[in-house]
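As structure tokens, the structure follows; a few thoughts come after it.
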Amino acid sequence: MDYMQIYETWCSDSYFDCKTKEELKAIAADTEEIEDRFYRRLEFGTGGLRGVIGAGTNRMNIYTVRQATQGLANYITAQGGQAKGVAIAYDSRQMSPEFAEEAALCLNANGIKTYRFESLRPTPELSFAVRELGCIAGIVITASHNPREYNGYKVYWEDGAQITPPHDKNILAEVSKVASFSQARTMRRQDAQAQGLYQTIGSDIDDLYMEQLKKQSIHPELIQKAAEDMKIVYTPLHGTGNLPVRRVLKELGFTNVYVVKEQELPDGTFPTVAYPNPEDDKAFTLALALAKEKDADIVLATDPDADRLGVYAKDTKTGEYVSFTGNMSGMLIAEYILRERKQTGTMPKHPALVKTIVTTEMAKAVAADYGTALIEVLTGFKYIGEQIRLFEQEHTYDYVFGLEESYGCLAGTYARDKDACVAVMMLCEAAAYYKLQGKTLWDAMLAMYERYGYYKEGLATLTLKGIDGAKQIQDRMRQARTNPPKTLGGCKVLAVRDYQEGIRKDMSSGETAPTGLPVSNVLYYELEEDAWCCVRPSGTEPKIKYYFGVKGASMEDAQRRLAALKEDMLKEA
């Protein structure tokens, strides 16, 4: 059937509820909108679903959620995992509770036990709950930091990490087999509860999660000494971070924590921000105003599902607040952990720092300085979580810390996904450490630049929506593969890594070698003078992403190099 026939079926079939039909009939004259909603089935990628909320096959709604869950249920059944069950969490976005309920009842109808959180919870707590409860899988309903009109559906496996090979491809195959919505089962909640299939969880898991967070603290005694003089401003951006972040800071002893009242309570419409993303400076407008009023040392923001952390810190010389990228805050935490673990004799025998290929190269210098192995993985924190499992299985390394450029990191192995709650905790502890030395986090960052080099990174994105957009993204990647640049930003291209082909090619000799990482539609350019750039399509949005990194002799030199590299790379695009 073409998109118009599918649209008409949704408008008339008794399977779809009246509210859905009313929404669709209201756009009857808008053929462009109908096409966008029905020209394809919302793609279940290697992590799950993400899309605009609304009626249609290319939207997030109870039917597409149920359809995807049926595919997951089929795979769990094939693995014999019904009794282990599935943990389910959701964030503050619109329709998140409803989607979580639909997912649970579909699983229940397939004889699979579910553990659904009683109310919204951070994504990393779901990761923790999967392992704590011994589940075979987990689901979290969230669109992370996407705009308000989006929601999503992420799948985790029994190790607590987002699904990786072979499970991601196998689940994807099962979901694709559920061709008709009528194939997706469901049942009444009362019946599921009566059969012991539907279980509600909450404070018991919260308490266990909180204890694991606090175990990551290295110097709790320093917090007690610095707490009275430290001032922290925090905003959960209407998301899930409010309660767990405030609780862990309070239990560690931080007394001056000021929460942005206008953004404190959960609200899926995100009324005070156009884009609930701590990577966006505009999201900090209210927090920075409160910080100036309170004369705060640090300003923190977590995204709606509390797995990403944005940071500002005070520059005492200018009195202004300086924005930290995810690379900067991640490296501050990493260096603090490595240094203090080494000094206190608590460093494991074979320590490892894990980062993605588009994360700052400063990590290599810091890891080498502290005698720590540096492991690189593909973009996506699920690959960092996968390394924790592999380390444990193969007895190779001891995971110490993992970070990615997109404002996500994890200290400890209690969870297998990035955790803004532990990031807040560790960053505040590091701030207390430096406070007692008369320094700010900005002072500490400058000291790292002086010691390791002025590493700077950037990101540019190009949004290309719809049918034509998807084709343009593929055309751009094909063009980049066919005609690789010889120079970028005034630097010679030394080698090209094509992760789709699994090959690294030396541009001088023409010699090739395996990349050593899984297949992915990513191109990475190694440049002279410790510079690099990378291009890849987004896995969750209709975007193509360009990453850049340089090492300068000074802040100004690094900024100049980065600007030249960015301009040149976008010309190539």
Side-chain angles (χ1 to χ4, degrees), residues 45-47 157 159 161-170 327 330 334 350-368 370-406 408-410 413 416-418 455 457 477 480-481 484 488 493-528 530-539 545-549 551:
T46 53
W157 203 241
D159 63 340
Q162 289 187 57
I163 49 175
T164 53
H167 302 298
D168 55 356
K169 301 296 185 184
N170 293 340
N327 284 313
H350 301 291
L353 183 68
V354 188
K355 79 174 190 77
T356 66
I357 59 173
V358 296
T359 299
T360 179
E361 291 290 279
M362 183 187 278
K364 293 181 179 178
V366 172
Y370 290 100
T372 300
L374 191 283
I375 309 296
E376 282 194 312
V377 298
L378 290 175
T379 308
F381 211 91
K382 67 179 183 178
Y383 295 110
I384 296 177
E386 181 184 38
Q387 288 299 309
I388 301 175
R389 174 176 57 82
L390 293 174
F391 292 167
E392 292 176 348
Q393 287 178 350
E394 299 169 3
H395 307 289
T396 49
Y397 297 106
D398 300 302
Y399 176 91
V400 177
F401 189 69
L403 72 157
E404 63 179 5
E405 54 77 34
S406 57
C409 62
L410 174 67
T413 61
R416 302 297 163 88
D417 206 350
K418 54 185 176 283
Y455 291 87
E457 299 78 30
M477 292 300 296
R481 281 193 170 85
L488 286 168
V493 178
L494 301 178
V496 178
R497 302 181 212 160
D498 186 339
Y499 288 97
Q500 184 160 282
E501 298 296 326
I503 291 172
R504 176 191 181 273
K505 182 178 180 180
D506 186 296
M507 300 305 285
S508 295
S509 67
E511 293 181 359
T512 62
T515 61
L517 293 181
V519 172
S520 185
N521 190 11
V522 178
L523 288 168
Y524 187 103
Y525 304 93
E526 299 175 20
L527 311 178
E528 291 178 310
D530 295 312
W532 61 273
C533 51
C534 181
V535 56
R536 72 176 186 91
S538 170
K545 294 188 173 185
Y546 300 90
Y547 302 82
F548 322 89
K551 180 184 178 183

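Remember, it's a predicted structure, so these values are computed and weren't measured experimentally.
Between the side chains of E404 and T356, no donor N or O sits under 3.5 Å from an acceptor N or O.
The side chain to side chain contact (heavy atoms under 4.5 Å, CB included) check on D530 picks up K551, with sequence neighbours excluded. The ring pair (Phe, Tyr, Trp, His ring centres under 6.0 Å) check on Y397 picks up F391, with sequence neighbours excluded. Applying the side chain to side chain contact (heavy atoms under 4.5 Å, CB included) test to K364 and every residue at least two apart in sequence or in another chain returns K355, E361, L374, E376.
Across every non-hydrogen atom of R416 and D159, the tightest pair is CG-O, 3.0 Å. In terms of heavy atoms, E386 sits closest to T164 at OE2-OG1, 3.5 Å. The nearest pair of heavy atoms linking F401 to G330 is CE2-O, 3.4 Å. Heavy atoms only, all atoms of each residue included: I375 and A352 are closest at CG1-CB, 4.5 Å. The nearest pair of heavy atoms linking P484 to V496 is CB-CG2, 4.4 Å. The heavy-atom pair separating F548 from Y546 by the smallest distance is CE1-O, 3.3 Å.
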Item checked: Derivation and outcome, side-chain contact (heavy atoms from CB on, under 4.5 Å), residues Q387 and I384 -> CA-CA 5 Å; Q387 288 299 309; I384 296 177; 5.6 Å; no
Item checked: Steps toward side-chain contact (heavy atoms from CB on, under 4.5 Å) verdict (K545, T379) -> CA-CA 11 Å; K545 294 188 173 185; T379 308; over 6 Å; no
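No side-chain heavy atom of L410 sits under 4.5 Å from any side-chain heavy atom of D417. V400 places none of its side-chain heavy atoms less than 4.5 Å from the side chain of L353. You'll find the side chain of T396 stays beyond 4.5 Å of the side chain of H350, heavy atoms only. With a 4.5 Å cut-off on side-chain heavy atoms, W532 and Y547 count as touching. Using a 4.5 Å cut-off on side-chain heavy atoms (C-beta onward), Y524 and T515 make no contact. Side-chain contact between R504 and E526: present, with at least one pair of heavy atoms (C-beta onward) separated by less than 4.5 Å. Residues S520 and R536 are not in side-chain contact: their nearest non-hydrogen atoms beyond the backbone lie 4.5 Å or more apart. Residues E528 and L494 are in side-chain contact: their nearest non-hydrogen atoms beyond the backbone lie under 4.5 Å apart.
A distance-only check finds no donor-acceptor pair linking the side chain of T512 to the backbone of K505 [under 3.5 Å].
The distance from the CD1 atom of I388 to the OH atom of Y399 is 4.5 Å, given to the nearest 0.5 Å. With rounding to the nearest 0.5 Å, the separation of CZ in R389 from CD in E394 is 8.5 Å. Separation of atoms CZ (R497) and CG (L517) is listed at 8.0 Å; rounding is to 0.5 Å.
No more than 12 heavy-atom neighbours from other residues, nucleotides or ligands sit within 6.0 angstrom of CD on E511.
Between R481 and D498 there is a salt bridge, since at least one side-chain N of the basic residue sits less than 4.0 Å from a carboxylate O of the acidic one.
The only member of V358, L523, L527, V493 that meets side chain to side chain contact (heavy atoms under 4.5 Å, CB included) when paired with C533 is L527.
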